[in-house]
Amino acid sequence: AHTPVVDVLKGQHAVGDTVLVKGWVRTRRDSKAGLSFINLHDGSCFDPVQVIALNTLNNYDDILKLTAGCSVSITGTVKESEGQGQALEIEAQDVEILGWVENPDTYPMAAKRHSIEYLREHAHLRPRTNVIGAVTRVRHCLSAAIHRFFHEQGYYWISTPIMTASDTEGAGEMFRVSTLDMANLPLDDKGHVDYSEDFFGKETFLTVSGQLNVETFACAMSKVYTFGPTFRAENSNTSRHLAEFWMIEPEVAFADLNDVAGLAEELLKYVFKAVLEERRDDMEFFAKRINKEAISRLEKVVEQDFVHMDYTDAIEILKNSGKKFEFPVEWGVDLSSEHERYLAEEHVGAPIIMKNYPKDIKAFYMRINDDEKTVAAMDVLAPGIGEIIGGSQREERLDVFDRRLDEMGLNREDYAWYRDLRRYGTVPHSGFGLGFERLVAYVTGMQNVRDVIPFPRTPGNAQY
Ligand code: 4AD
Ligand code: MG
């Protein structure tokens with residue numbers, strides 16, 4: 001088997017050893033002394049390895065035609081590098097060219113840097129860039145750390161369904177799933193689409209959240225979480241919304257709002273530490289190119305306690321800030337991203353756990369507080385991005401829950417299975433949803449969630 005570039009650079013092979021490496025040319029330059037320097041990357045770490053090809057190689061003429069993007073298989077000797085940069089390099093004994101770039105002018109990677117918007121439209125090019133490579137490794141590291149955290153804490157991972165008839169957030173922003181013939185829809189006597197003829201016999205959607213499902217498992221297995229894709233047809237063309245995003249949703253029985261606020265803080269600190277330890281190379285790139293504070297702010301965050309704040313107090317702070325916000329502030333309004341960012345960035349300068357929102361701006365399942373006006377909800381607001389977590393204590397009292405459904409004009413029958421959970425051995429329970437792309441954007445300092453997911457889905461964009 002061949003050796004990953006990361007193993008060569010980390011000195012897993014002694015100087016003088018012969019190694020076989022495979023990858024893509026990032027850059028190549030020639031020296032007058034009759035040698036060519038190839039920077040070879042294979043995705044295994046941030047840095048490429050430098051390969052020296054001497055003009056004594058039998059295919060040297062071809063080597064001189066290698067351009068960015070060509071794929072090669074190289075056998076060579078590990079050497080101490082005389083140049084700056086890496087300590088180790090490879091002197092080639094054999095350079096096999098696997099794939100040419102058919103027209104270097106149409107593979108615009110070379111020295112020039114490309115806008116992140118340009119890259120979104122070039123599926124074959126995007127993952128080969130420094131920035132998307134770094135994002136991809138950090139994303140992987142975060143995902144592995146999240147699973148490790150929950151495993152170590154005794155949580156079970158529950159896969160919740162992607163196709164479902166229930167609307168968890170009650171916001172109606174769902175993608176419909178159907179096998180009906182769109183050109184010839186069956187209608188009932190009122191002229192509405194007759195979904196009884198559809199595959200599931202019912203109107204069905206892509207899930208917006210696994211929460212309602214995972215609650216049933218929390219109320220049996222005690223500590224559980226989901227980690228999967230979720231879908232929202234909200235037509236918001238912003239830098240923090242995707243139509244398809246991944247969410248991590250822990251759900252804990254016998255836990256109240258403060259318990260899961262503590263869990264959120266522990267989880268975030270754990271994964272930040274993992275990235276700082278395991279992906280130093282990529283984080284240094286983000287600190288150099290994307291956000292100067294990419295490393296220092298994470299180091300600070302893992303050391304300090306998160307600030308807890310009540311929604312009602314936040315409204316007072318915003319009112320007294322002397323700032324002119326696009327959306328005016330008064331008790332009862334939902335916090336806009338502008339408000340969230342002011343609080344997290346300027347007022348506190350660290351992540352905030354915002355709690356106890358007015359019930360009218362929150363979902364039907366949240367537990368009503370004693371004041372009857374607010375619910376036991378929490379959002380985690382991070383500097384630079386705003387809300388990264390939304391969660392709550394769930395309403396476990398059937399009579400209170402039914403009153404809330406009535407108040408909101410929701411149908412008890414549609415929530416029959418969810419109501420059953422409150423009829424048979426109900427317990428206090430709480431949970432939250434962490435938006436994975438918002439987390440990756442926060443950690444890397446990337447400005448737009450579209451650039452931290454391999455294939456972004458946004459209004460008008462689902463080509464590849
Ligand atoms: O606040 P949300 O809507 O909460 C829920 O879905 C709850 N059912 C979670 C729970 O309590 N189990 O979404 C949770 C998080 C947000 O804080 C945000 O980080 C992310 O999901 N999110 C999005 N990320 C990218 N694009 C979108 N369109 C998003 N909508 C929500
Ligand atoms: Mg929310």
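Worth knowing before you read on, the calculation uses all heavy atoms, side chains too, and leaves out hydrogens, waters and symmetry mates. Both counts, for ligands and for their atoms, begin at 1 and track the order of listing. Computed from a predicted model, the values in this text were never measured in an experiment.
- For V449, the closest heavy-atom approach to ligand 1 does not fall below 4.0 Å.
- Atom 3 (O) of ligand 1 has R232 NH1, 2.7 Å as its closest protein atom, hydrogens excluded (heavy atom only).
- Residue contacts with ligand 1 include Y365, since one of its heavy atoms falls under 4.0 Å from the ligand.
- Side-chain contact between Y225 and H147 is present, with heavy atoms from C-beta onward closer than 4.5 Å.
- The distance from ligand 1 to the heavy atoms of R240 drops below 4.0 Å at these ligand atoms: 25 (C), 26 (N).
- Geometrically, ligand 1 and R394 share a nitrogen or oxygen pair separated by less than 3.5 Å.
- One of the N, O or S atoms belonging to E387 lies under 2.8 Å away from the Mg ion (ligand 2).
- A salt bridge links D402 and R419; the closest N-O separation between the charged side-chain nitrogens and carboxylate oxygens is under 4.0 Å.
- Cation-pi geometry between K319 and W331 is not satisfied (NZ or CZ under 6.0 Å from the ring centre, within 45° of the ring normal).
- When T312, N369, N356 are each tested for a side-chain hydrogen bond (donor to acceptor under 3.5 Å, both in side chains) with T374, only one passes: N369.
- Heavy-atom contacts from other residues, nucleotides or ligands closer than 6.0 Å to CD of E278 number more than 12.
- Of the N or O atoms in I388, one or more lie within a sub-3.5 Å distance of an N or O in ligand 1.
- Looking only at protein heavy atoms, the nearest one to atom 17 (O) of ligand 1 is E387 OE2, 2.6 Å.
- Ligand 1 has E169 within reach: a non-hydrogen atom of the residue lies less than 4.0 Å from it.
- The distance from the CG atom of L398 to the OG1 atom of T426 is 8.0 Å, given to the nearest 0.5 Å.
- Remark: E330 CD is loosely packed, at most 12 non-hydrogen atoms of other residues, nucleotides or ligands lying under 6.0 Å away.
- When only interatomic distances are considered, the shortest N/O to N/O separation between L242 and ligand 1 falls below 3.5 Å.
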